[in-house]
Structure formats: structure tokens, C-alpha cells
> 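Attaching a single structure in C-alpha cells format; questions to follow.
Chain letters run A, B, ... following the sequence lines, proteins first, then strands; residues in each count from 1.
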Number of protein chains: 2
Amino acid sequence: MGIGNDAVEIRAQGWRRLAALHGLIEAALEKELQAAHRLSVVEYTVLDALSRQDGWHMRMQQLARAAALSSSATTRLVTRLEDRGLLTRVLCADDRRGIYTELTPAGQQLLDQARPTHDRALEESLTHAEKLPELESLVAALHVT
Amino acid sequence: MGIGNDAVEIRAQGWRRLAALHGLIEAALEKELQAAHRLSVVEYTVLDALSRQDGWHMRMQQLARAAALSSSATTRLVTRLEDRGLLTRVLCADDRRGIYTELTPAGQQLLDQARPTHDRALEESLTHAEKLPELESLVAALHVT
DNA sequence: GTGCACTAGTTGCATGTGCAACGAGTAGAT
DNA sequence: ATCTACTCGTTGCACATGCAACTAGTGCAC
């Protein structure tokens, strides 16, 4: 049980804290976004990532990475959002395998409505987490640019 | 776009980084644990939480909180592990609603085998994440006690 | 050109998850 | 003793996810 094991244990503890904080925040966001806009956290993440491209397209795999999802899950997620009229698939001319997605006005509008909900829920859960001794320092690290 | 909005944006960015790091680590652990021991990350988390109690019991709801899972998911997770002989359900005498779970020798043994895999995969993914500029500071924050 | 290895995205299938409804047990009021 | 409100854990059901297999398209070798 020397110095090496201590490092291992510190890493494991850090990971447990990270997972705990992540779970806390995600649960809060999920609840609020679902209740107010019928959006899941991943769905919001995708819309947000698209809007961050500012009117520009994103390929499916970029979306997959942004949402930390498999490509199959991304396919169905995009289908879901497309069925709700929030985004559209655009075939790309240069590479006909590739598919671009872009926000529709309705998608942009829903995102505009959902963003305050998201930001408020995020702030609340961070404030809550900050009070838990084992999460305090990790929350502080998020404020750092 | 005053100071208030900056704080909001910083929080959002922090959350995206947290989610990214979490996804990175979880995917790596999932892959390694699944391949080497047919264990998912949540399953490992539960076994680990139980062993951390050092031979003592844990109620279903403690387990649910430790794994960031709903109670229904916890029920089935415990059933799965019980079917594999890794833990046992123990009815509690004082409160007959409550159910304790404890590791079996086989569960302890599998955990002992899986822990090095887990710790190594964790170290590797942290080392990898440390090289990504946007995750570097967050990874550093995990080292802090 | 033809063939081959590769990438992008989609689908069948099995599985893990959350929500809501439920049965069982507890604690307190009267 | 009984009624009520609550907690604990389990189950039916719908649904999102990952893996593997597939189709379509690209690019390189020859």
C-alpha cells in the first residue's frame, strides 16, 4: 500500500465524484427540460450543438461525438427530431454518403425557449452540489475558464 | 450580454466539458470491463460500493444512490448479479420492508480481478483526456483531494 | 476501367432504463 | 384496534441505446 496505490485510490475517488456530479446535473436537467419542453438532455445537446454552428450544417458523426452517442443512436435521435420538425436532413453534394443536419426555424425557436430552462436548472444543481462537501472542489473547478 | 450572461455561458461550457470527460471515461471503462470480466460500469460500481462497506450490508436505495440509478433499475441490476452468484439478498429482521445485499465470496473474487482492469483503464483515459486542451484543467481538478 | 479497402449512415435485435402502478410493511393519530 | 399516510422494493410497459450486419458511396492501386 505505497505511494502508487494512493494515486490509484485518488483517481478512483475523483472518478466517483465526477460521476456523482454528472448524474446529479443530468437528472435535474432531464427533469426540467422534459417537463417544460418535452426534450431530453441529449436532444437539447444536439439542438444546442447545431445552433452553436450558427446556421451551418453538421454531419451525423460530428453530432454523434457532440452528444457522446453511437452512430445508430444518433440516426434515430435525428429522425425523432426531424419528425417533430425541429431539424432537417440535407444531402451533401460533394460526398453523397454524408448527410448534413440543420436547425429549422421551429427548432431554433424551441431551443430559444428551452435555453433559459436549461441554464436555470444548471445553476440550481450546481448551487446544490456546491453544498455537498465531497463535490465542492469539483464544482469550483468548473467555473475556471 | 452583460456579466450575468457570461456566468451562464461559463457554467454551460463547464457542464459540456464535464459531460465530455464523463463520457470519455465511461466508454473506456465499459469497453475494458465488459471485454475482460463481462461487467458493465454500473455493475462494477455496485460491487465496488458493496466491498467498500467491508463485509457489511447495503440497502437497495443506498445502492441506487451509489450507482445513480432508479430503484427499478437497481432491483433488476441486483437480480442480475444475484443470478450470477455475485451477491445475495438478505431480508432484514428489524424492518421487513428493507432488503440488504452483500457480496458473496465469488463476487469479492470477481471484483478483485476486475479492479486492476478498472484502475488501469481509468488511468489511461485520464492520461488521454489530459492531452485535450479543453479537458486538461478539469482532469487536474480530479487529482485534488 | 475493375477490384478492393475504407467510410457514412441505416436497420434488426437484444438489453438496460425510467415512470407509474402496485403490494407489503411501518409509524402515528384517534 | 383501526385508519391514514408514508416508505421500501418489485413489476408492466414503453422507449432509447449499443452492437453487428448491411447498403451506398468514395478513393486508391493496377
> Would B:W15 and B:H22 count as a close aromatic pair, with their ring centres under 6.0 Å?
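No - the distance between ring centres of B:W15 and B:H22 does not fall below the 6.0 Å cut-off.
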
> Over how many whole Å does the gap from A:R80 atom CZ to D:dA14 atom P extend?
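Checked: the CZ to P distance equals 17 Å.
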
> CZ of B:R84 versus C1' of C:dT15: gap in Å, rounded?
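From B:R84 CZ to C:dT15 C1': 14 Å.
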
> Please report the closest heavy-atom contact between B:A129 and B:V139, naming both atoms and the distance.
CB-CG2, 3.8 Å

> C:dT15 C1' sits how many Å from B:L69 CG, rounded?
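Rounded to whole Å, this separation is 14 Å.
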
> Is there a donor in the side chain of B:R16 and an acceptor in the side chain of A:T45, or the other way round, less than 3.5 Å apart?
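No, no side-chain donor-acceptor contact under 3.5 Å.
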
> Taking CG from B:L77 and P from C:dT15, how many angstroms apart are they, rounded to a whole number?
15 Å

> Between residues 30-48 of chain A and DNA chain C, which residues have a heavy-atom gap below 4.0 Å?
none

> Quick one, give me the B/S/- string for nucleotides 2-10 of chain D, reading 5' to 3', where B means a protein heavy atom under 4.0 Å from the base and S means that only happens at the primed atoms, P, OP1 or OP2.
-----BSSB

> Please examine the side chains of B:T101 and B:M60, heavy atoms only from C-beta on, and report whether any two atoms are closer than 4.5 Å.
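Yes, close enough: below the 4.5 Å cut-off.
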
> Specify the separation, in whole Å, of atom CZ of A:R65 and atom P of C:dG9.
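Value for this atom pair: 11 Å.
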
> Can you measure B:R96 atom CZ to C:dG25 atom P for me and round it to whole angstrom units?
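After rounding, the gap between these two atoms is 6 Å.
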
> Is it the case that the side chain of B:E26 and the backbone of B:G23 share a donor-acceptor pair, with hydrogens and angles ignored and the cut-off at 3.5 Å?
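No.
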
> Is there a side-chain contact between B:L33 and B:R38 (heavy atoms, below 4.5 Å)?
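Heavy-atom side-chain distance check fails, nothing below 4.5 Å.
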
> Does B:E124 use its side chain to pair, donor to acceptor, with the backbone of B:A121 at less than 3.5 Å?
no

> Would you please test A:R59 and A:D95 for salt bridge (charged side-chain N to carboxylate O under 4.0 Å, His left out) and show each step?
CA-CA 11 Å; A:R59 293 183 88 105; A:D95 185 347; 3.6 Å; yes

> Roughly how many Å is it from CD in B:E26 to P in D:dT17, rounded to a whole number?
13 Å

